[in-house]
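Worksheet: one structure, shown below.
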Amino acid sequence: MKAKLPVILAIESSCDDTSIAILEGLNVCSNVTASQQIHTEFGGVVPELASRAHQQHIVPAVQKALWDSGKTLQDLTHIAYTQGPGLLGSLLVGASFAKGLALSTGLPLVPVNHMEAHVLALTLSDADYLQRPGIEFPFLCLTVSGGHSQLVWVSDPLTIQLLGETKDDAAGEAFDKGAKLLGLPYPGGPVVDRIAATGMLGTHRFPLPKVPAMHFSFSGLKTSLLYWIQKNGRPKSEQDLANLLADYQEAIIDVLMKGLEEARMYTKTPRVALAGGVSANSRLRIRVEEWANKHNIELRIPKLGYCTDNGAMIGAAAYWKIQHGLLGSHSDQAQARMPLPFQPH
Amino acid sequence: MKTLDWTIRSENDWNIPAQFLANTLQPGTVVWLFGPMGVGKTTLVQCICAHLGCIDPIQSPSFAIMNQYLCGTVPVYHADLYRIEHEDELWDTGIYPLLEEASGIFFIEWPQRIPERIRAEFQPAYIANLDIMPDYERSFHLILP
């Protein structure tokens with residue numbers, strides 16, 4: 001007889017979003033990201049940032065996740081939460097809620113590293129998350145978000161080796177700050193993506209940063225854009241803006257593609273995954289898909305709604321930890337700074 | 001009030017003020033970093049931390065609001081308050097208890113988000129004013145505690 005699958009309540013609260021998921025094994029039963037919409041349903045105002053927002057979101061989000069999954073508290077076998085890295089105040093809300101619930105239900109806790117979770121989410125068997133079956137080990141993963149840009153080699157669920165990362169700004173920040181310099185709204189990623197799609201490539205040149213293989217740097221791109229605006233002023237027409245953004249976006253993606261190609265050469269991997277909020281960028285998705293086809297690489301990219309931080313990814317990482325008997329305790333503390341489980345050699 | 005001024009003509013030039021600050025900063029000291037986006041605030045922090053012997057990667061804290069590194073045994077807190085919209089949100093970042101505990105060195109970008117009367121409570125503090133000049137140069141005006 002097959003062993004009973006764990007039923008995991010997973011809590012993500014490392015930065016801006018509160019997201020709760022219920023998983024049965026590697027299947028996502030529900031995933032609820034607290035948003036303005038939930039709050040409209042449940043009433044109340046939503047502060048923009050961090051812990052107070054999490055405090056207000058967490059209970060309704062857990063209720064909704066349970067409701068959506070068709071499960072009850074009695075069905076749960078484990079409670080997983082993001083231990084770090086992230087903003088301490090935000091992490092504490094998730095960790096404290098998880099511990100409280102674990103105390104009252106007697107269920108075991110599973111603390112999870114947020115960066116590890118982004119990566120292990122690619123193993124979810126849920127067709128909805130990836131729109132294909134989960135990736136197999138080992139694989140190469142590029143995690144690109146507002147706060148991170150990392151290339152990691154995932155030998156097995158517990159061994160994630162950092163191959164390279166950004167030396168300064170994250171890829172998502174390059175989008176946000178570029179948008180800011182041009183007077184566009186925050187977050188800049190989706191706005192730049194949309195406007196750049198109507199632009200023509202090749203009217204502006206941005207320098208490719210000099211960084212060690214498999215590493216990234218985006219700060220120089222931002223400065224180049226700043227100098228361009230200082231010299232020429234903000235673009236006068238919508239088409240000029242679209243052209244400028246198309247080249248700026250392409251430059252960001254060129255940096256990522258260079259790192260990805262270097263990592264492919266280094267690892268000789270046939271399996272690659274993309275994770276993090278920037279993996280929602282339509283141009284990046286096209287470029288990576290073309291590259292993967294060319295090199296006969298099996299590729300996984302989360303579907304659009306799952307690129308940014310979510311509870312399901314915390315549940316995925318928790319699943320693998322549970323399989324290896326790695327449970328937490330009530331004395332575990334939220335950690336603002338938390339390295340990956342396996343550091344560079 | 002003692003002040004120091006530098007003109008930065010290349011990224012390498014940050015090493016001179018960075019070396020000076022690395023030699024003088026003690027745990028409990030705050031450096032308020034003023035200057036527009038792209039002026040080099042994070043670059044300066046990277047440079048100072050390198051001189052402090054930090055082996056942690058120093059990345060931009062803009063998204064995370066606050067990063068924490070270890071330079072030897074000294075914790076370094078590197079914050080970017082740009083995304084703070086309301087004074088209340090500063091409590092959510094957890095920065096005030098850390099400033100009061102004063103066990104680390106603080107580099108705080110966009111400190112204008114903290115009301116001046118509150119900023120004045122945290123001493124000793126360096127005020128670093130960075131600005132973008134013509135011809136890709138930067139000016140760095142430092143007010144000592």
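Order of the sequence lines sets the chain letters (A, B, ...), proteins ahead of strands, with each chain counted from 1.
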Practice task
Give the C-alpha distance, both sets of side-chain angles, the deciding distance and a yes or no for side-chain contact (heavy atoms from CB on, under 4.5 Å) between D169(A) and Q59(B).
Solution key: CA-CA 6 Å; D169(A) 295 354; Q59(B) 296 171 354; over 6 Å; no
How many angstroms lie between atom [atom1] of [X] and atom [atom2] of [Y], to the nearest 0.5 angstrom?
X	Y	atom1	atom2	value
D135(B)	Y227(A)	CG	OH	10.0 Å
D176(A)	F63(B)	CG	CZ	8.0 Å
M66(B)	L87(A)	CE	CG	6.5 Å
D168(A)	I58(B)	CG	CD1	12.0 Å
Y136(B)	Q230(A)	OH	CD	9.0 Å
S219(A)	Q46(B)	OG	CD	7.5 Å

At a heavy-atom separation under 4.5 Å, does [X] approach chain A through its side chain, its backbone, both, or neither?
X	value
L70(B)	both
D56(B)	side chain
S62(B)	both

Problem - E11(B), CD: over 12 other non-hydrogen atoms inside 6.0 angstrom - result: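 No, because the 6.0 Å sphere around CD of E11(B) holds 12 heavy atoms or fewer from other groups.
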Practice task
Can you establish whether the number of heavy atoms outside K180(A) located under 6.0 Å from its atom NZ is more than 12?
Solution key: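 Open.
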Contacting moiety of [X], where chain B heavy atoms sit under 4.5 Å:
X	value
T223(A)	side chain
F218(A)	neither
K167(A)	backbone

Handout entry: For G38(B) against K222(A), the heavy-atom pair lying closest together
Key = CA-CE, 4.0 Å
Problem - L226(A)/V39(B) under side-chain contact (heavy atoms from CB on, under 4.5 Å): CA gap, chis, key distance, verdict - result: CA-CA 10 Å; L226(A) 175 78; V39(B) 73; over 6 Å; no
Handout entry: Donor-acceptor pair between E173(A) and S60(B) side chains, under 3.5 angstrom
Key =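 Distance-only check passes for E173(A) and S60(B).
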